[in-house]
Amino acid sequence: MKKLMIIAILLLVSNVVFSQTHYYKAKYEKPFTFQVAPTYFNYGGDLFGYQIGINFKEVFNLSYFHTRDYDFGERYMDDRFAGIQSSVMLPVGEYMQVGPSVRLATYNTELQKVFIAAEVRLDLSDAWKLGLEYGAGDKKGFGLKFIWNMY
């Protein structure tokens with residue numbers, strides 16, 4: 001009887017453990033997730049801002065970005081670089097994604113050439129990523145963003 005009780009308790013505990021792992025795996029298999037990212041971008045100067053967007057299966061990304069230099073010198077207005085970014089990320093290894101990125105943007109209210117870049121994302125955890133980007137449009141640019149995927 002004692003062995004039967006131990007087996008029943010072990011089966012019950014294993015059932016609870018497996019149900020929790022199923023819940024954890026099912027929780028992160030959502031096709032669409034929202035993304036928020038504080039952003040640094042060097043496009044003719046240091047620009048800081050944010051990026052808000054949506055991801056489809058952590059592969060396709062479409063987002064709005066807005067950066068500015070916050071330097072109020074002798075000029076009336078600071079430099080602003082804002083627009084829409086789209087990227088397609090392909091997994092390379094377990095914790096890294098690489099892919100092309102395209103930005104349609106304005107710089108100080110003037111429409112710029114299409115900015116085409118290569119982007120690398122490194123997984124820091126399930127929800128946090130570090131993104132690095134380098135490319136060219138009217139000017140060459142470099143970007144760094146700390147991405148938070150909200151599930």
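Predicted model only: the values in this text are computed from it and were never measured.
With values rounded to the nearest 0.5 angstrom, Phe48 atom CZ is found 9.0 Å from Asn42 atom CG. Summarising the geometry, atom CZ belonging to Phe142 is positioned 5.5 Å from atom CG belonging to Leu132; distances are rounded to the nearest 0.5 Å. Taking NZ of Lys57 as the reference point, atom CZ of Phe32 lies at 9.0 Å (rounded to 0.5 Å). Distance check: Leu130 CG to Met96 CE gives 12.0 Å after rounding to the nearest 0.5 Å. Separation of atoms CZ (Phe65) and CD1 (Ile52) is listed at 13.0 Å; rounding is to 0.5 Å. From Ile84, atom CD1 reaches atom OH of Tyr64 across 9.0 Å, with rounding to the nearest 0.5 Å.
In the hydrophobic clustering of ILVMFWY residues, with side-chain heavy atoms under 4.5 Å counting as a link, Leu124 and Val92 come out apart. In the hydrophobic clustering of ILVMFWY residues, with side-chain heavy atoms under 4.5 Å counting as a link, Ile54 and Ile147 come out apart. In this structure, Val88 is not a member of the same hydrophobic cluster as Leu104, with clusters built from ILVMFWY side-chain heavy atoms closer than 4.5 Å.
A heavy-atom distance below 4.5 Å is not found between the side chains of Asp46 and Asp69. Looking at heavy atoms from C-beta onward, Glu58 lies out of side-chain contact with Gln97 at the 4.5 angstrom threshold. Annotation: side chain of Val98 is not in contact with side chain of Leu90 (no heavy-atom distance under 4.5 Å). In this structure, Tyr50 and Thr39 have side chains that are not in contact, with every pair of non-hydrogen atoms separated by 4.5 Å or more. Within the 4.5 Å cutoff, no side-chain heavy atoms of Ser87 are placed close to those of Glu133. For the pair Phe41/Arg103, a side-chain contact is recorded, criterion being any heavy-atom separation below 4.5 Å from C-beta on. In this structure, the side chains of Asn61 and Met89 stay at 4.5 Å or more apart for every pair of heavy atoms.
Among all heavy-atom pairs drawn from Asp123 and Lys129, the shortest one is OD1-NZ, 2.6 Å. A pairwise comparison of heavy atoms in Ala105 and Leu111 identifies O-CD1, 3.6 Å as the closest pair.
Not counting sequence neighbours, the partners of Gln112 by the side chain to side chain donor-acceptor pair (under 3.5 Å) test are Tyr43.
Side chain of Asn108 to backbone of Arg80: a donor-acceptor contact under 3.5 angstrom is found. For Thr67 (side chain) and Phe81 (main-chain N/O), a donor-acceptor pair under 3.5 Å exists by modelled atom type.
By the 6.0 Å contact criterion, CZ on Phe60 is enclosed, its count of non-hydrogen atoms from other residues, nucleotides or ligands being greater than 12.
For Tyr40 and Phe146, the distance between ring centers is not under 6.0 angstrom. A ring-centre distance under 6.0 Å is not found for Phe115 and Tyr107.
In summary, the side chains of Lys145 and Gln35 do not present any donor paired with an acceptor at a separation below 3.5 Å, with no hydrogens or angles considered.
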